[in-house]
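Nothing here was measured: the structure is a model prediction, and the numbers come from that model.
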Amino acid sequence: MFCPPEDRLKTFTDTFRVLKPGGTLVATYWVQLDFMDLVRTTMTAALGAPPPLPDINPLSLKEPGLVEGLVEKEGFVGARYSDSTYPFELIGDDGLVFDLGTLTVRDKLKAMQAGGKGDAVDAGRAAFWGEVDRRGLRVDSGVRVNGNTFRMLVATKPM
């Protein structure tokens with residue numbers, strides 16, 4: 001899983017360099033994460049404004065044509081792509097589901113609260129559950145977020 005490479009071009013350059021001629025690159029990367037949109041909405045409510053991109057952005061390769069261009073630039077051949085979509089299910093009581101659902105921003109919420117930004121965790125919790133209910137994401141066991149799609153890439157280094 002290329003998630004997320006700090007230097008996108010270097011990632012593909014290094015992969016091409018270490019593969020033997022005729023070797024196969026198999027990689028996956030996210031192209032849609034409705035789950036991250038739920039987290040963004042939660043942080044917007046806690047901050048009072050849209051948050052910056054996360055430190056680790058799993059959608060850093062989603063731009064149409066980006067990966068295809070990097071694969072071609074490095075000289076890979078026979079590239080094939082396929083998408084798979086599935087739900088994320090967060091299962092447990094409301095406290096655990098909130099903790100799981102905001103795992104990627106938990107430290108930021110706590111730091112905001114410690115820095116005198118009011119009760120950022122409670123604001124985030126209210127926003128999270130409000131958005132879950134608005135989107136109809138509750139299921140018996142917790143929360144189900146559909147619309148999470150990764151793309152698989154298979155390409156070959158020429159002989």
**Pairs involving residues 121-131, ordered by first then second residue, that meet side-chain hydrogen bond (donor to acceptor under 3.5 Å, both in side chains) (sequence neighbours left out)** =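 Counting only pairs at least two positions apart or across chains, the side-chain hydrogen bond (donor to acceptor under 3.5 Å, both in side chains) contacts touching residues 121-131 are D122-R125, E131-R134, E131-R135.
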**Item:** Partner set under salt bridge (charged side-chain N to carboxylate O under 4.0 Å, His left out) for K110, not counting sequence neighbours
**Value:**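 By the salt bridge (charged side-chain N to carboxylate O under 4.0 Å, His left out) rule, K110 matches no residue at all.
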Rounded distance [0.5 Å steps], [atom1] in [X] versus [atom2] in [Y]:
X	Y	atom1	atom2	result
N146	L137	CG	CG	7.5 Å
R151	Y29	CZ	OH	4.5 Å
L70	T13	CG	OG1	8.0 Å
T11	E74	OG1	CD	10.0 Å
L33	N148	CG	CG	5.0 Å

Can you check whether [X] reaches [Y] side chain to side chain, under 4.5 Å on heavy atoms?
X	Y	answer
T15	R17	no
M36	P58	yes
V105	T42	no

**Request:** Quick one: list whatever passes side-chain hydrogen bond (donor to acceptor under 3.5 Å, both in side chains) with R80, sequence neighbours left out.
**Result:**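 So R80 forms no side-chain hydrogen bond (donor to acceptor under 3.5 Å, both in side chains) with any residue.
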**Item:** Linked, directly or transitively: L9 and F76 (ILVMFWY side chains, under 4.5 Å)
**Value:**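 They do share one cluster, since a chain of ILVMFWY contacts under 4.5 Å joins L9 to F76.
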Side-chain donor/acceptor pairs under 3.5 Å, residues 85-101, sequence neighbours excluded:
| residue | atom | partner | partner atom | Å |
| --- | --- | --- | --- | --- |
| T85 | OG1 | T149 | OG1 | 2.5 |
| E89 | OE2 | R144 | NE | 2.8 |
| E89 | OE2 | R144 | NH2 | 2.5 |
| D93 | OD1 | G95 | N | 3.0 |
| D93 | OD1 | L96 | N | 2.8 |
| D99 | OD1 | R106 | NH2 | 2.6 |

**Request:** With side-chain contact (heavy atoms from CB on, under 4.5 Å) as the test, would you mind laying out the steps for E63 and L61 before giving the verdict?
**Result:** CA-CA 6 Å; E63 181 183 323; L61 295 173; over 6 Å; no
**Asked** Backbone N or O of F16 within a donor-acceptor pair of the K157 side chain at under 3.5 Å?
**Response**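 Pair found, side chain donor or acceptor close to backbone of F16.
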**Request:** Quick one: list whatever passes side chain to side chain contact (heavy atoms under 4.5 Å, CB included) with A79, sequence neighbours left out.
**Result:**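 For A79, the residues satisfying side chain to side chain contact (heavy atoms under 4.5 Å, CB included) (neighbours in sequence not counted) are V71, Y81, L153, A155.
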**Message:** Taking side chain to side chain contact (heavy atoms under 4.5 Å, CB included) as the definition, give me every residue that meets it alongside P50, ordered by chain and number, with sequence neighbours left out.
**Reply:**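 P50: side chain to side chain contact (heavy atoms under 4.5 Å, CB included) contacts with R40, T44.
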**Item:** Crowding at CD, E72 (>12 non-hydrogen neighbours, <6.0 Å)
**Value:**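 Incorrect, the count does not exceed 12.
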**Item:** L25 and T156: CA distance, side-chain angles, deciding distance, side-chain contact (heavy atoms from CB on, under 4.5 Å) verdict
**Value:** CA-CA 6 Å; L25 162 65; T156 305; over 6 Å; no
**Request:** Determine the minimum heavy-atom distance between L66 and S60, stating which atoms define it.
**Result:**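 In terms of heavy atoms, the two residues are closest at CD2-O, 3.7 Å.
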**Closest non-hydrogen atom pair between V77 and P158, with its separation** =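 That closest heavy-atom pairing would be CG1-CG, 3.8 Å.
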**Request:** Test side-chain contact (heavy atoms from CB on, under 4.5 Å) on T102 and F128 and set out the steps.
**Result:** CA-CA 8 Å; T102 58; F128 177 84; 4.1 Å; yes
